[in-house]
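Below is one structure; the comments refer to it alone.
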Amino acid sequence: MDDYRQLVTESILDEQAFIKATFSNPQKGQDILWKKVVARPVLLKNKRHLQVSHFDQRKDVTKNYPFNELSSKVTELVNLPFRNIHVQMQGQDLQIQISKKGKAIVHRHKKHQKSAPWSLSHDRQKSLLLPNNQPDPFLQTIGIMTKDGKVRADRQGKFKQINEFLKLILETAVFDPTKPLNIVDCGCGNAYLTFAVYYYLHKLQNVPLEMVGIDVTKSLLDRRAEQVEELGWHGLTFQQSTIIDFEPQSPPNMVLALHACDTATDETLARALKWNSEMIFVAPCCHHHLQAQLAKQKSPSPFTAVMKQGPLKERLGDILTDNFRTLILKMMGYQTDIVEFVSTEHTGKNLLIRAKKSNHPADPKLLEEYNALKAMWQVTPYLETLLKENLNMTVPF
């Protein structure tokens with residue numbers, strides 16, 4: 001056990017090769033506040049620091065530590081009770097899984113192509129819809145950019161995510177400048193995406209817009225409302241509500257959710273379908289609901305070996321969950337696909353489900369495919385449950 005901790009410690013302290021370390025999947029029964037911790041090197045005032053971000057279900061807490069004060073912090077990191085550790089290096093990646101019995105399994109993945117020099121200032125970004133080198137009141141107000149026009153080191157990942165999210169919206173959507181666009185952002189949290197979509201569509205593209213961000217945390221929403229007032233914006237509001245209970249004043253044309261956890265993604269999709277939304281964009285986060293069902297069922301015989309491997313079982317559960325979601329959207333008359341909207345460098349949950357209402361009838365074979373997949377795994381997707389019991393809609397299940 002100590003060998004893998006030493007390996008991770010040496011990797012993080014390797015100034016020439018270390019890129020990023022991600023600690024995830026808390027061990028069951030352990031008292032830990034965080035669902036994930038990410039560490040990466042950054043330059044602050046021309047000095048190398050280790051930036052450590054702790055994530056829970058609602059927020060992230062980020063602090064920067066000088067590299068000459070790292071001994072105790074790295075020791076703390078490697079002793080956190082996580083089952084998965086992924087260390088990205090120049091030349092190779094380390095993937096470490098801790099079994100239920102506490103055994104560490106270490107995988108080394110060599111990079112056959114020579115990696116480009118790692119930029120601590122993150123100046124490697126391609127063209128962005130929201131520029132990263134110009135002072136902008138909106139980005140400064142929401143805490144992504146400094147007063148001198150630089151994206152904060154601890155917000156680089158989030159900045160990249162919202163830019164890529166915007167690109168996919170623009171690729172998919174067709175806007176009518178004569179008709180107001182109504183948008184709902186479900187589980188908006190810190191509302192980086194909410195602000196970015198409003199700013200880009202309304203302020204830069206002159207799209208008539210009414211937008212509301214909903215969340216259950218009142219303190220977050222109060223601060224977001226204050227920021228809207230500081231910016232002098234109109235047509236962007238926030239409302240405290242669960243996703244499943246929210247009723248918009250007007251049916252939305254577009255529904256968004258960035259990393260809505262577990263069944264919150266299903267609730268977002270269910271509400272969007274009830275509202276007959278023209279466009280849906282959701283980036284799922286964790287997928288516990290189907291995982292719990294899989295744990296209680298006997299695996300189909302070809303997958304028995306796969307389901308004995310914790311990380312593979314978890315990923316397969318994620319894949320099945322999102323595939324069920326896309327099949328339901330297609331059966332409900334939406335052109336639907338899943339895309340990687342950002343590199344795993346910025347977030348491990350980098351898939352986005354995008355759906356656009358179609359005028360063509362759904363392929364009857366979709367129902368056969370859906371039911372065959374359900375029968376094979378003996379599960380009931382939560383989105384199906386919501387559509388049948390909560391929304392009183394007629395669906396082909």
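Listed here is the closest heavy atom pair of Phe324 and Pro381: CG-CG, 3.4 Å.
Looking only at distances, a side-chain donor or acceptor of Thr336 sits under 3.5 Å from a matching main-chain atom of Tyr334. A distance-only check finds a donor-acceptor pair linking the side chain of Asp215 to the backbone of Gly189 [under 3.5 Å]. A donor-acceptor distance shorter than 3.5 angstrom exists from the side chain of Ser277 to the backbone of Met279, with no hydrogens or angles considered. The backbone N or O of Val207 lies less than 3.5 Å from a partner atom in the side chain of His202, making a donor-acceptor pair. Side chain of Arg108 to backbone of Asp93: no donor-acceptor contact under 3.5 angstrom is found. Not one N or O on the side chain of Glu210 forms a donor-acceptor pair closer than 3.5 Å with the backbone of Leu236. Judged by distance alone, with hydrogens and angles left aside, the side-chain atoms of Asn190 form no donor-acceptor pair with the main-chain N or O of Tyr192 at under 3.5 Å.
Dense packing is recorded around CD of Glu247, with more than 12 heavy atoms of other residues, nucleotides or ligands lying under 6.0 Å away. Heavy-atom contacts from other residues, nucleotides or ligands closer than 6.0 Å to NZ of Lys203 number more than 12. Shown here is Glu229, whose CD atom has no more than 12 heavy atoms of other residues, nucleotides or ligands within 6.0 Å.
Defined by atom type and a distance below 3.5 Å, a donor-acceptor pair is present between the side-chain atoms of Thr242 and Asp245. Between the side chains of Tyr65 and Gln51, no donor N or O sits under 3.5 Å from an acceptor N or O. Side chain to side chain, Asn25 and Gln97 fail the donor-acceptor criterion of an N or O pair below 3.5 Å.
For Trp34 and Phe82, the ring centers are positioned 6.0 Å apart or more. Remark: aromatic rings of Trp233 and Phe195 are close, center separation under 6.0 Å.
Separating the CZ atom in Arg325 from the CD1 atom in Ile280 is a distance of 12.5 Å, to the nearest 0.5 Å. For the atom pair CD (Gln205) and CG (Leu181), the distance works out to 12.5 Å, reported to the nearest 0.5 Å. Here the CD1 atom belonging to Ile162 is positioned 8.5 Å from the NZ atom belonging to Lys158, to the nearest 0.5 angstrom. Atom-to-atom distance recorded for Glu278:CD and Asn253:CG is 4.5 Å, nearest 0.5 angstrom. Separation of atoms CG (Leu94) and OH (Tyr4) is listed at 13.0 Å; rounding is to 0.5 Å. Note: Phe18 CZ to Leu50 CG = 6.0 Å, rounded to the nearest 0.5 Å.
Hydrophobic clustering (ILVMFWY, side-chain heavy atoms < 4.5 Å, transitive): Val197 and Phe238 are in one cluster.
Contact check on Arg5 versus Glu10 returns no salt bridge, with no Lys/Arg side-chain nitrogen under 4.0 Å from an Asp/Glu carboxylate oxygen. Look at Arg223 and Glu226 and you find a salt bridge, because one of the NZ, NE, NH1 or NH2 atoms lies within 4.0 Å of a carboxylate O, short of that distance.
Identified under the side chain to side chain donor-acceptor pair (under 3.5 Å) test for residues 293-303, with sequence neighbours left out: His289-Gln293.
With contacts defined as side-chain heavy-atom distances shorter than 4.5 Å, the pair Val216/Ile243 does not qualify. Counting heavy atoms from C-beta outward, Leu256 and Ile169 have side chains that approach closer than 4.5 Å. Using a 4.5 Å heavy-atom cutoff, the side chains of Phe246 and Cys186 are not in contact. Inter-residue side-chain proximity for Lys103 and Ile98 is flagged as unmet; no heavy-atom pair is nearer than 4.5 Å.
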